[in-house]
S.K.: 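Provided herewith is a single structure, encoded as structure tokens, for subsequent inquiry.
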Amino acid sequence: MLASKSGTLFRCACFCVLLTTSATKAGMAAPASDTPTAITTHMGGTLRLVAASSGGTLDPQINYSAKYINLFANVYDGLTTFRKADGLAGADVVPDLAEDLPQPEDGGLTYTFRLREGITFSNGQPVATADVVASFRRIFRVGSPTAGAFYGAIKGADACLRSPADCKLEGVVENPATRSITFHLTTPDTEFLHKLAFTHAVILPANAPDHDTGNVPLPSTGPYQLTAYDPNRFLKLERNPYFKEWNAQAQPFGYPDRIDYTFGIPDEAAVTAVENGQYDWMADPIPLDRLGELGSRFASQTHVLRHPAMYFLPMNMREAPFSSLKARQAVNYALNRKAMTILYGGPAIARPLCGMLPSTLPASSTQCFYTKDASPESPAPMWRGTDMEKARNLVRESGTYGQKVTVIAANTSVDLAMGAWVRDMLQNLGYRANLRPLSSALAFSYMQNSDNHVQIGVASWSADYPSASNFLDALLGCENIHPGSDSSINIPGFCNQDVQSLMDKAKTDVSLSAQAQNALWQEADRRVMEQAPVAPAIEKDAVILTSPRLKNLLFTTVNQLLFSQAWVQ
């Protein structure tokens, strides 16, 4: 296999099979022992990470970029977390700062946790129940992107969403004498423990500012603390001197002494630097023209791993031309999902996606709504190809032919290639289309803010936790529309009460079987696609390139590569 651009496309499938069979488990080792003294053989050194750009704010209750959320898993803790383990076990919720996982009471409306004793923030301050209460109020006061979607069932959340500065959140009650914290919900939430495990629910000191702290790090409880940040150049993490392992499944002791993150290295240069061992891991997608050489020369350093993730085209339903249903449907019929698969790297690491639910989720379906001889009312069993004739007819019928359209995409190699293809597709449909690339640190936030009047974009999404709600409700739920905010993750502005009722029932009805829940999500998916606020493109696997020296690669279902467990010594 050659690394030349001319030879990469048709060789990609072979490359991906090679990685899947021979490289996925390279360097794997047993998990760390429960006691720090047992890991001293590999403890020490500096883990070196690299990216084209930084990931934005250091505020863990605001940042919604995978680049930093995965890093924050080594820095911050919530009452619960996802098990730090390989494979399916990594989707399990385990107690973290809480001693145990409580059983819900009052028909799923009440959860009572007991806070562990002896845990200290990185500034030396003991963690207390008051910190827990203040942290949940802060989620609303700072306008966390998931405040409504994840924590809106807590009693008092509605008032907090209406007036964040006055948030009291009376549904979170502390008892310092017993170190207990009780959550009172207004409606049951079958995924409440999962949502408490997400990064936005980490526990911070009660005196943390009620605003985005930007480049200023906040005290943490995990094995590492953020110590220095220049968003144009670097981010540095060092050991938290107060960390003592309390539950290895939740937050194991870390191996590296330091984690250094370097910014400003383009993805092409980063690939070469990681291959040669100058850095240990790169954050950005591997450029397509480099995949061939990884399969032939660096297979032992390249790892392909399944993860609930997707690329999609959000279309702003409140901006022309995509305020027209027929224009949105035209994009869905015209989107060549095979081409998008190739642009990401080939069929062994990506697959066409016709709905909002990747195949790694139990509720997923192979039905395709927009392909040859198909519609939302009569879906095909799989994607069969584009239907350009129908797409062009829909554009003419919509009255939007000839309008100007700007495509927003991140400036990484993969996103730029996809963005250029979407621009050409729109021109082929009769629009006057152009592409506007933005820094990968800014693109997703820019798409979210309605003040920017984004018409269509190329976006990617990875699961906060493996659930259908994290794709359908998170990206298209009514509660996730926040006009004028960089934290409005419902980019299309889609709000359909019939669809929302289906999603709410799947989330709150504790009497439903798993099969019944999945059926509701599938019906919600079909009804969403009837309105076509997005054009799903592909589901993608994670392709990870590591340095020759990095061992003990631990890839978790939620947080992907667990940096604290890497051996660099």
S.K.: Go through the side-chain N and O atoms of H453 and E319 and say whether any donor and acceptor fall under 3.5 Å apart.
M.R.: yes
S.K.: Does any N or O in the side chain of S488 come within less than 3.5 Å of the main-chain N or O of H482, such that one atom is a donor and the other an acceptor?
M.R.: yes
S.K.: When you compare the side chains of T57 and N63, does any donor N or O come within less than 3.5 Å of an acceptor on the partner?
M.R.: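 Side-chain D/A pair, T57 to N63: absent.
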S.K.: Which heavy atom of P241 sits nearest to which heavy atom of Q225, and what is that distance?
M.R.: CD-NE2, 3.3 Å
S.K.: Please name the pair of heavy atoms, one in V534 and one in P492, separated by the smallest distance, quoted to 0.1 Å.
M.R.: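 Scanning both residues completely, I find the closest heavy atoms to be CG1-CG, 3.8 Å.
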S.K.: So, T221 and D77: side-chain donor and acceptor under 3.5 Å apart, yes or no?
M.R.: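 A donor-acceptor contact under 3.5 Å links the two side chains.
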S.K.: Kindly compute the distance separating CD (Q560) from CG (L553), expressed to the nearest 0.5 Å.
M.R.: 11.0 Å
S.K.: Please report the shortest heavy-atom distance between G264 and P266, naming the atom on each side.
M.R.: O-CD, 3.5 Å
S.K.: Under the rule for side-chain hydrogen bond (donor to acceptor under 3.5 Å, both in side chains), what residues qualify as partners of R549, not counting sequence neighbours?
M.R.: D280
S.K.: Could you pull out the closest heavy-atom pair between E539 and T360, with the gap in Å?
M.R.: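 In terms of heavy atoms, the two residues are closest at OE1-N, 4.3 Å.
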S.K.: Answer yes if the ring centres of F150 and H194 are under 6.0 angstrom apart, and no otherwise.
M.R.: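 No, the ring centres sit 6.0 Å or more apart.
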S.K.: Using the side-chain hydrogen bond (donor to acceptor under 3.5 Å, both in side chains) criterion, which residues pair with S460? Sequence neighbours excluded.
M.R.: none
S.K.: Is there a donor-acceptor pair closer than 3.5 Å between any side-chain N or O of Q455 and the backbone N or O of K404?
M.R.: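 Answer holds: yes.
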S.K.: Does a donor on one side chain and an acceptor on the other come within less than 3.5 Å for D415 and T412?
M.R.: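 Side-chain D/A pair, D415 to T412: present.
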S.K.: Decide yes or no for D131 and F121: does some side-chain heavy atom of the first lie under 4.5 Å from some side-chain heavy atom of the second?
M.R.: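 Result yes, sub-4.5 Å side-chain heavy-atom pair found.
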S.K.: Checking side-chain polar atoms at under 3.5 Å, does S485 have a donor or acceptor matched by the opposite partner on Q448?
M.R.: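 Judged by distance alone, the side chains do not pair up.
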S.K.: Is there a donor-acceptor pair closer than 3.5 Å between any side-chain N or O of S54 and the backbone N or O of N232?
M.R.: no
S.K.: Please confirm whether the backbone N or O of A250 pairs with a side-chain atom of K84, one donor and one acceptor, at under 3.5 Å?
M.R.: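 Yes.
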S.K.: Please check if any side-chain donor atom of Q251 sits under 3.5 Å from a side-chain acceptor atom of T81, or the reverse.
M.R.: no
S.K.: Search all heavy atoms of D464 against all heavy atoms of V558 and return the closest pair with its distance.
M.R.: O-CG1, 3.1 Å
S.K.: Tell me, please, which residues at least two apart from D473 pass side-chain hydrogen bond (donor to acceptor under 3.5 Å, both in side chains).
M.R.: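 D473: side-chain hydrogen bond (donor to acceptor under 3.5 Å, both in side chains) contacts with Q500, K507.
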S.K.: Under 4.5 Å between any side-chain heavy atoms of P60 and V75, yes or no?
M.R.: no
S.K.: How about Y311 and W461: are their ring centroids closer than 6.0 Å?
M.R.: no
S.K.: Counting only pairs under 3.5 Å, give me each side-chain donor-acceptor contact of residues 440-447, with atom names and distances, residues two or more places apart or in other chains.
M.R.:
from	atom 1	to	atom 2	distance (Å)
S440	OG	S53	OG	2.8
Y446	OH	R436	NH1	2.8

S.K.: Testing the basics here: between Q301 and V274, what is the closest heavy-atom pair and its distance to 0.1 Å?
M.R.: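 Minimum heavy-atom separation between Q301 and V274: NE2-O, 3.7 Å.
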S.K.: Whether the side chain of R351 engages the backbone of I538 through a donor-acceptor N/O pair (distance < 3.5 Å, no angle test) should be reported.
M.R.: no
S.K.: Has D260 got a side-chain atom pairing as donor or acceptor with K236's backbone, closer than 3.5 angstrom?
M.R.: no
S.K.: Listing request: all ring-ring contact (aromatic ring centres under 6.0 Å, His included) pairs with a residue in residues 227-249, at least two apart in sequence or in separate chains.
M.R.: F243-W246
S.K.: Between R138 and D59, is the closest basic N to carboxylate O distance under 4.0 Å?
M.R.: yes
S.K.: Would you find a donor on one side and an acceptor on the other, under 3.5 Å apart, between the side chain of S144 and the backbone of F140?
M.R.: no
S.K.: Distance only, no hydrogens: is a donor on one side chain within 3.5 Å (strictly under) of an acceptor on the other, for R290 and S413?
M.R.: no
S.K.: Do R297 and E275 sit within salt-bridge range, that is, some charged N less than 4.0 Å from a carboxylate O?
M.R.: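 Salt bridge absent between R297 and E275.
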S.K.: Between F253 and M43, is the side chain to side chain contact (heavy atoms under 4.5 Å, CB included) condition met? List the steps.
M.R.: CA-CA 10 Å; F253 194 84; M43 190 170 65; 3.4 Å; yes
S.K.: Can you list everything that forms a ring-ring contact (aromatic ring centres under 6.0 Å, His included) with Y76? Sequence neighbours excluded, please.
M.R.: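 With sequence neighbours excluded, Y76 shows a ring-ring contact (aromatic ring centres under 6.0 Å, His included) to F72, given in chain and number order.
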S.K.: Would you say N74's side chain and S564's backbone share a donor-acceptor pair under 3.5 angstrom?
M.R.: yes
S.K.: Using side-chain heavy atoms (C-beta onward) and a distance below 4.5 Å, is F263 in contact with V50?
M.R.: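 No, their side chains stay 4.5 Å or more apart.
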